[in-house]
Structures are given as structure tokens and as C-alpha cells.
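I have placed the structure first, in the form of C-alpha cells, so that the comments after it can refer back to it.
Quick note: residue numbers are just sequence positions, from 1.
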Amino acid sequence: MRKNIFQVIKSAAAAVIISLVFVLIFTLLIQLCSIPMTAVKPVNQVFKILSIAAGGLIFIRGDKGLIKGVIYGLIAVILTYLLYGLISRSLTISWKFLIEIVLGVVAGGISGIIAVNIKKSA
């Protein structure tokens with residue numbers, strides 16, 4: 001049980017850190033290239049999904065990949081939403097946040113399933 005909790009915590013933390021790295025790199029690209037501001041939100045969504053998938057693939061092992069993935073996906077979305085809200089000093093909850101939660105839970109669940117099956121066969 002404790003091992004599963006640590007896997008979920010490490011996966012969520014990795015997803016948040018990877019997401020921050022993506023956002024920092026993208027911010028640099030925005031400064032260097034003239035990327036339109038309308039591209040920021042869709043690109044950030046892709047970054048969050050990729051980050052959640054990477055966190056699960058790195059740290060989820062054993063069994064119950066779907067459950068672990070759903071939980072860490074939810075935690076990662078909430079943490080990144082809070083973190084980005086604090087950074088931008090605007091934290092608003094809307095229906096878009098619910099869509100982010102659904103995407104994060106789905107990405108976490110899928111990556112959790114893939115991660116436990118990859119680890120079993122390796």
C-alpha cells in the first residue's frame with residue numbers, strides 16, 4: 001500500500017516538474033519566435049497531457065495501473081492548475097478546468113495501464 005502511494009506521489013511530482021520544464025521552454029520560444037498568444041492554451045494542454053503520461057511511464061510499476069494512473073493524473077492536474085494559477089496570479093475555476101481534469105485522468109489512466117504492462121514484460 002505504501003509503495004503504491006509513493007508511486008502515485010512520485011508520478012504526480014514528475015508530471016508537474018516536466019510540465020514546468022515544457023512551459024519554461026515554450027516561454028523562451030514565445031520570446032524568441034513570434035508565436036501567437038492563441039497558441040498558448042492548446043500547447044499548454046498538450047504539455048500537461050504529455051507530462052502526465054511521462055510521469056506514469058517513469059514511476060508506475062506493479063499492478064493496478066489504471067487506478068494509480070487515474071489518481072496521479074487527477075493530482076497532477078490539480079497541482080499544475082494551482083501552480084499556474086499562483087504564477088499568473090489568477091486562479092479561476094470554470095468548466096474548462098473540468099475538461100482539464102477529465103483529460104488528466106484519462107491520460108493518467110492510459111499511461112498507468114501502459115506502464116504496468118511495459119514493466120511486466122521487461
Side-chain angles (χ1 to χ4, degrees):
M1 176 72 169
R2 189 175 197 196
K3 187 174 162 182
N4 292 337
I5 292 170
F6 282 124
Q7 286 181 18
V8 168
I9 291 170
K10 289 190 288 188
S11 297
V16 170
I17 292 168
I18 293 168
S19 180
L20 281 173
V21 169
F22 279 151
V23 168
L24 289 173
I25 292 170
F26 187 59
T27 302
L28 180 64
L29 286 174
I30 288 173
Q31 298 297 320
L32 295 175
C33 309
S34 57
I35 297 173
M37 292 308 289
T38 56
V40 171
K41 287 188 180 189
V43 170
N44 279 341
Q45 289 299 337
V46 171
F47 288 160
K48 285 181 187 178
I49 291 169
L50 291 175
S51 300
I52 289 170
L57 292 174
I58 294 169
F59 288 109
I60 298 296
R61 292 179 174 78
D63 57 354
K64 300 178 186 172
L66 176 64
I67 295 169
K68 292 178 196 175
V70 165
I71 293 170
Y72 92 80
L74 177 65
I75 293 170
V77 168
I78 292 170
L79 289 176
T80 55
Y81 199 80
L82 290 173
L83 186 62
Y84 294 157
L86 290 173
I87 289 170
S88 67
R89 294 188 180 137
S90 66
L91 190 63
T92 58
I93 297 178
S94 67
W95 61 273
K96 292 178 185 178
F97 180 58
L98 296 175
I99 293 172
E100 282 189 43
I101 288 176
V102 170
L103 288 173
V105 165
V106 169
I110 292 170
S111 68
I113 291 169
I114 292 170
V116 297
N117 287 314
I118 287 174
K119 305 300 182 199
K120 282 182 184 176
S121 63

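Between A12 and I75, the closest heavy-atom pair is CB-CG2, 3.7 Å. Of all the heavy atoms in G55 and A14, the pair that sits closest is CA-CB, 4.1 Å. Looking at every heavy atom in both residues, G56 comes nearest to A115 through O-CB, 3.4 Å. Shown here for F26 and I35, the closest heavy-atom pair between the two residues is CE1-CD1, 4.0 Å.
In this structure, the separation between CG on N4 and CD1 on I9 is 11.0 Å, given to the nearest 0.5 Å. Here the OG1 atom belonging to T80 is positioned 12.5 Å from the CD1 atom belonging to I17, to the nearest 0.5 angstrom.
Applying side-chain contact (heavy atoms from CB on, under 4.5 Å) to V105 and the options L74, V77, I52 leaves one that passes, L74.
Using a 4.5 Å cut-off on side-chain heavy atoms (C-beta onward), L20 and F47 make no contact. Residues I99 and L103 have side chains in contact (heavy-atom distance under 4.5 Å, counting atoms from C-beta outward). I58 places a side-chain heavy atom less than 4.5 Å from the side chain of I18. Using a 4.5 Å cut-off on side-chain heavy atoms (C-beta onward), L79 and L83 make no contact.
The backbone N or O of K10 lies less than 3.5 Å from no partner atom in the side chain of Y72, so there is not a single donor-acceptor pair. Between the side chain of K68 and the backbone N or O of D63 there is at least one donor-acceptor pair closer than 3.5 Å. For Q7 (side chain) and R61 (main-chain N/O), a donor-acceptor pair under 3.5 Å exists by modelled atom type. Judged by distance alone, the side chain of S19 and the main-chain N or O of A15 form no donor-acceptor pair under 3.5 Å.
A single hydrophobic cluster is not seen to contain both V23 and I49; linkage of ILVMFWY side chains at heavy-atom distances under 4.5 Å, directly or through other members, places them apart. Transitive grouping of hydrophobic side chains (ILVMFWY, heavy atoms separated by less than 4.5 Å) brings V70 and I60 into a common cluster. Linking Ile, Leu, Val, Met, Phe, Trp and Tyr whenever their side-chain heavy atoms come within less than 4.5 Å puts Y84 and L82 in one cluster. In the hydrophobic cluster analysis, where Ile, Leu, Val, Met, Phe, Trp and Tyr join through side-chain heavy atoms closer than 4.5 angstrom, V43 is grouped together with L29. Follow the hydrophobic side-chain contacts under 4.5 Å out from M37 and you reach F22 in the same cluster.
Every residue two or more places apart in sequence or in another chain that forms a ring-ring contact (aromatic ring centres under 6.0 Å, His included) with Y81 is listed here: F97.
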